There are 2 protein chains.
Amino acid sequence: MNGRPTIKDVARKAGLSLSTVSLVLNKRENVSDETRRKVLDVINELGYYPQRSARGLASKLSGNIGFVLTDDHFTQAEPFYTKIFLGTELEARKYNYYVLLTTVARTVKETDEIPRFLLEQNVDGVIIAGRIGLSWIEYIRRFKLPLVLIDYDVARHNLSSVVMDNRGGAQLVVDHLHKGGHTKIGFVGGDLDHPSIAERYLSFRETMQARGLSLNGAWVQVDEADTRIRDGYEAMKKILNSADRPTAIFAANDAMAIGCIRCLKESGLRVPYDMAVVGFDNIEAGLYVEPRLTTINVHREEMGELALRRIMEMINHQNNVVTKTLAPVELVVRESCGIKTQEHGHQIPHTFSKQGGNHEDLAHGFGTGSRSADVSVGSGGTEHEPASER
Amino acid sequence: MNGRPTIKDVARKAGLSLSTVSLVLNKRENVSDETRRKVLDVINELGYYPQRSARGLASKLSGNIGFVLTDDHFTQAEPFYTKIFLGTELEARKYNYYVLLTTVARTVKETDEIPRFLLEQNVDGVIIAGRIGLSWIEYIRRFKLPLVLIDYDVARHNLSSVVMDNRGGAQLVVDHLHKGGHTKIGFVGGDLDHPSIAERYLSFRETMQARGLSLNGAWVQVDEADTRIRDGYEAMKKILNSADRPTAIFAANDAMAIGCIRCLKESGLRVPYDMAVVGFDNIEAGLYVEPRLTTINVHREEMGELALRRIMEMINHQNNVVTKTLAPVELVVRESCGIKTQEHGHQIPHTFSKQGGNHEDLAHGFGTGSRSADVSVGSGGTEHEPASER
DNA sequence: GTGAAAGCGCTAACAT
DNA sequence: ATGTTAGCGCTTTCAC
């Protein structure tokens, strides 16, 4: 931490004043090209880097962004939020910003620790990722810092957010099934309080109607308490009880879809031949069910990136307009939707993103011949196994 | 970011000087109790918090620790390093330190980005977690910052490290199998360049000898290129080719153990009845194989904690003695080792309808997502149930 | 376009 | 035990 060159050294060696060097450092316009060159040369020669805290103190900006995550989200096996964080971090480098990651309990309690970066004015903006207690959002708002939510939103708070295009995704699913010949499509959901689930559900209904497909109440089960495997299983059971059955199920997320598949298998039904199933989220487990799950994918890193860019805009331009950013989604076609059945050898329609194949590399396990040829979009993937040498 | 009270305001309101307030802030001894009380009261009243950058500039300490992780480690599904990071972060709060998480490629390339916190003197110490290119270690060493490795070590670099007790773990495994009546124990490994794998292997040999158990060369397969499922599968195949077969296999990690189990099942052998299998690491996937895997667990958060404490010692006391810290491990007994099953002679229930499914907690993003990774353990033999509700 | 000077909010000698 | 006084390394008016 010692003996490293300071801006003073640069100024002296360049035969210029501190302020001129500072202007160059901050990429201001009013510096002659010649001067700029000279300063840059000296900086390079000396291996100079401006020191963070000094900068922060003088500029009133910390150069940090706070990234808040509930602990359960951070440590869950599905690396959803870690990837979002990674996207944010990578993007932040371009702005020479740091991301301070902190986890919190779901809701603020009196006794709880408040992220210190708020109290110490150590961040210029805050990103909150994932569903979190309203109390946290309200608490953090009071600091009057630029704030962006990722993968979550609260209608009544009018905050900027980056969420995946849930509506678009639901539309992709319905259209895909429809094109595949399905007209009797059911929906399985739960926890409609969650904005993402609610949007998927609403968009499902809208798209069905827009395509002239009729909705059957018995095929739509959205009253489950949660959106986990068990809930999907239970919802599927109810649907199977109806006299007339749908030929395809759209599950509000992959966990529920997996539950549906289990239920169908237990009932002796074959997926996708007797019933097609499509999920949402593209979690890794979707690759391990049989048949592998057709689902909707979103580029997680991109979401983190978008949020960071938005925050930086707010910081740099005092631009506090509330924006709702939609991260594009794509359909990942695997076996569970039954469009390309091996029996009939149908082709996969062109409308599907080629990038879907990228996610195949999540494939787990190794081919010992047990798995039939992949029916997937894009190139075959590299195999990937759980942590070996970590 | 404005109008917040400064140390000046506190001093004025308390009728004291700046330095006295500063002394209180920094918990120095030479302040009368009365004065301290008064200052603390005013601080509370004003809601004052010292500002990070100002502190940093004056004290020459950034108040940050750099946490370096290779990107593949960070985003892998097994939340091993995220939990270590979490442990570090939680512990850092106690010291009022921030942890700057950054990911890097495996090895330093000329074109690569160097973690900026090094260049900007924005950290007081660095933690590197997981196996990483030597070039990185060498590069970072040059900054002369306190440095601690987690879950990795490089013999010739004489660095402080926190690693799990690999030798102790291997001993636990051998002793457990031995006590269960096994005397013919095989070992499956690979990539002996990895210090953890090498230690497990060496300790396996040592313990076997110490217990008077003979080693059969045909039962020890450590030449696989890697330590993944596939490698375990191949190694197991070789062992099964030997005329005389062991009754138990100790795999160098869980991935390999899973490979062993697959191979055994394909060969029509029953685990644990025909062959017991024990792994190492306690990865989640070990809960989803059938039978569920007996393994060695380490408290990940604790490892992160220990490293942070060590770094703080180095920073605060200029204590640069090199220390090797062992994080304690524990045996997690499940069905694959056959000990418990034999004793109690019960079947292994493993159906969705009864247990709620192994993937019950895969729900991501939304939903409750609580994954109680409770590892109830001990050679005491407590049965460990996967996180699932009913 | 460049320089001089005044801080930013804190810590750390050094006095008292 | 408390106060005085310099800075820490940078940004930012404001002159010129």
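Numbers restart at 1 for each chain; the letters A, B, ... are given by sequence-line order, proteins then strands. Keep in mind that the numbers below use all heavy atoms, side chains included, and drop hydrogens, waters and symmetry copies. The structure presented is a predicted model; accordingly, all values stated were derived computationally and were not measured.
- Residue B:Y49 places no side-chain N or O under 4.0 Å from the OP1 or OP2 atom of C:dC10.
- When rounded to the nearest whole Å, the span between CG of A:D9 and C1' of D:dC10 equals 13 Å.
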* Pair A:K38-A:D41, salt bridge (Lys or Arg N to Asp or Glu O under 4.0 Å): steps then yes or no -> CA-CA 5 Å; A:K38 196 191 299 175; A:D41 282 351; over 6 Å; no

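- Following rounding to the nearest Å, B:L46 (CG) and C:dG9 (C1') show an atom-to-atom distance of 15 Å.
- A:Q51 has its CD atom 11 Å from the P atom of D:dT11, to the nearest Å.
- For B:R55, taking side-chain heavy atoms from C-beta onward, the closest of the listed nucleotides D:dT12, C:dC10, C:dA12 is C:dC10.
- Taking atom CG of A:N122 as the reference point, atom C1' of C:dG9 lies 14 Å away to the nearest angstrom.
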Please tabulate, one pair per line, each protein N/O and nucleotide N/O from nucleotides 1-4 of chain D that are separated by under 3.5 Å, including the distance.
from: D:dT2; atom 1: OP1; to: B:S32; atom 2: OG; distance (Å): 3.1
from: D:dT2; atom 1: OP1; to: B:T35; atom 2: OG1; distance (Å): 2.3
from: D:dT2; atom 1: OP2; to: B:S32; atom 2: N; distance (Å): 2.9
from: D:dT2; atom 1: OP2; to: B:S32; atom 2: OG; distance (Å): 3.2
from: D:dT2; atom 1: OP2; to: B:T35; atom 2: OG1; distance (Å): 2.9
from: D:dG3; atom 1: OP2; to: B:S17; atom 2: N; distance (Å): 2.7
from: D:dG3; atom 1: OP2; to: B:S17; atom 2: OG; distance (Å): 3.2
from: D:dG3; atom 1: OP2; to: B:T20; atom 2: OG1; distance (Å): 2.9
from: D:dG3; atom 1: N7; to: B:S19; atom 2: OG; distance (Å): 2.9
from: D:dT4; atom 1: O4; to: B:S19; atom 2: OG; distance (Å): 2.8

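- Across the protein-nucleic acid pair, B:L57 atom CG and C:dG7 atom P stand 17 Å apart, rounded to whole Å.
- Rounded to a whole Å, the CZ atom of B:R4 is 10 Å from the P atom of C:dC10.
- No hydrogens or angles considered: nothing links the side chains of B:T70 and B:R131 as a donor-acceptor pair under 3.5 Å.
- Look at CD on B:Q121: it is 13 Å from P on D:dC8, rounded to the nearest Å.
- A side-chain N or O of B:S32 and one of B:T35 form a donor-acceptor pair less than 3.5 Å apart.
- The residues B:R52 and A:E120 are annotated as salt-bridged, a charged nitrogen and a carboxylate oxygen being separated by less than 4.0 angstrom.
- The aromatic ring centroids of A:Y81 and A:F74 lie 6.0 Å or more from each other.
- Note on A:E138 versus A:R141: no salt bridge recorded, every NZ/NE/NH1/NH2 to OD/OE distance being 4.0 Å or above.
- The side chain of B:I7 sits closest to C:dT11 out of C:dT11, D:dT11, C:dC8.
- In this structure, a donor-acceptor pair under 3.5 Å is present between the side chains of A:Y97 and A:D124.
- The nearest whole Å value for the distance from the CZ atom in B:R52 to the P atom in C:dC10 is 12 Å.
- OP1 or OP2 of D:dT12 has not a single side-chain nitrogen or oxygen of A:K60 nearer than 4.0 Å.
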